Amino acid sequence: QVQPVESGGGLVQPGGSLRLSCVASGSSSNTYVVSWHRQAPGKQRELVASISTGGTTNYADSAKGRFTISRDNAKNTVYLQMNSLKSEDTAVYYCRQLGRNGVSWGQGIQVTVSS
């Protein structure tokens with residue numbers, strides 16, 4: 001399986017914004033669900049947001065009202081717009097792709113929110 005590729009991470013001050021991108025492998029027709037997860041040091045990996053082929057979205061309580069997940073089927077790319085970032089959002093963010101051939105994880109990208 002070819003893993004999805006994340007981009008858009010980096011360092012941002014509290015209250016700032018970042019947009020993460022996840023380019024899924026294969027075609028959009030073979031990509032069923034894409035989700036974003038994050039893992040902070042000393043903590044378990046947690047689901048942040050997900051989006052299905054039909055556009056159904058789900059968010060963790062911590063992300064609601066601040067994060068928006070969207071999908072561009074033509075590019076087979078999923079975005080995570082993160083606004084009003086807090087220090088507790090600091091983590092490695094992973095893109096997970098559920099496709100016809102199974103589950104594939106990206107390598108993860110660092111998001112650091114600090115002043």
Side-chain angles (χ1 to χ4, degrees):
Q1 293 180 334
V2 179
Q3 63 184 6
V5 179
E6 306 105 331
S7 63
L11 174 65
V12 66
Q13 292 186 340
S17 299
L18 284 174
R19 189 181 75 159
L20 306 182
S21 298
C22 173
V23 181
S25 62
S27 64
S28 60
S29 62
N30 292 328
T31 303
Y32 305 145
V33 181
V34 176
S35 56
W36 284 97
H37 305 247
R38 68 186 182 188
Q39 187 167 20
K43 297 184 179 180
Q44 292 187 329
R45 187 174 299 184
E46 63 176 349
L47 174 68
V48 178
S50 66
I51 186 168
S52 69
T53 301
T56 300
T57 59
N58 289 285
Y59 297 92
D61 288 340
S62 61
K64 291 180 180 178
R66 299 189 300 125
F67 295 1
T68 302
I69 189 169
S70 61
R71 186 170 188 171
D72 185 338
N73 287 331
K75 299 178 180 179
N76 204 19
T77 300
V78 170
Y79 306 96
L80 183 66
Q81 179 67 44
M82 304 186 294
N83 299 324
S84 302
L85 285 164
K86 308 172 183 178
S87 60
E88 50 262 46
D89 294 317
T90 296
V92 176
Y93 284 70
Y94 298 89
C95 180
R96 178 184 181 270
Q97 176 184 353
L98 173 60
R100 186 170 64 178
N101 295 324
V103 175
S104 182
W105 289 86
Q107 290 189 328
I109 50 174
Q110 180 69 47
V111 172
T112 302
V113 184
S114 177
S115 59

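Scope of the values below: all heavy atoms of this structure, side chains included, with no hydrogens, waters or symmetry mates. Keep in mind that this is a model prediction, so the values were computed, not measured.
Between the side chain of Asn76 and the backbone N or O of Asn73 there is no donor-acceptor pair closer than 3.5 Å. Of the possible polar contacts, one joining the Thr77 side chain to the Lys75 backbone as a donor-acceptor pair under 3.5 Å is found. Ser7 places no side-chain N or O within donor-acceptor distance of the main-chain N or O of Leu20, the cut-off being under 3.5 Å. A donor-acceptor contact shorter than 3.5 Å is absent between the side chain of Ser21 and the backbone of Tyr79. Within the 3.5 Å criterion, the main-chain N or O of Ser35 finds no donor-acceptor partner in the side chain of Ser50. With Arg45 contributing its side chain and His37 its backbone, the two residues share no donor-acceptor pair below 3.5 Å. A donor-acceptor contact shorter than 3.5 Å is absent between the side chain of Gln39 and the backbone of Val92.
Contact check on Asp89 versus Lys86 returns no salt bridge, with no Lys/Arg side-chain nitrogen under 4.0 Å from an Asp/Glu carboxylate oxygen.
Atom CD of Glu88 has more than 12 neighbouring heavy atoms from other residues, nucleotides or ligands inside a 6.0 Å radius.
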Stepwise side-chain contact (heavy atoms from CB on, under 4.5 Å) check, Leu18 with Val111: CA-CA 9 Å; Leu18 284 174; Val111 172; 3.8 Å; yes
Criterion side-chain contact (heavy atoms from CB on, under 4.5 Å) on Arg71 and Thr53, from CA distance to verdict: CA-CA 8 Å; Arg71 186 170 188 171; Thr53 301; 3.8 Å; yes
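At a cut-off of 3.5 Å, with distance as the only test, no side-chain donor of Ser70 or Gln81 sits close to an acceptor on the other residue. In summary, the side chains of Tyr93 and Arg38 do present a donor paired with an acceptor at a separation below 3.5 Å, with no hydrogens or angles considered.
Counting heavy atoms from C-beta on, the side chains of Gln97 and Ser25 come closer than 4.5 Å. At least one side-chain heavy atom of Val78 sits under 4.5 Å from a side-chain heavy atom of Ile69.
Residues forming a side chain to side chain contact (heavy atoms under 4.5 Å, CB included) with Ser84 (at least two apart in sequence, or on another chain): Arg66.
Side-chain heavy atoms closer than 4.5 Å link hydrophobic residues (I, L, V, M, F, W, Y) into clusters, and following such links, even through other members, never connects Val103 to Val34.
Tyr32 does not carry Arg100 over the face of its six-membered ring by the limits of under 6.0 Å from the centre and within 45° of the normal.
For the side chain to side chain donor-acceptor pair (under 3.5 Å) condition, the pairs that include at least one residue of residues 106-115, sequence neighbours left out, are Gln110-Thr112.
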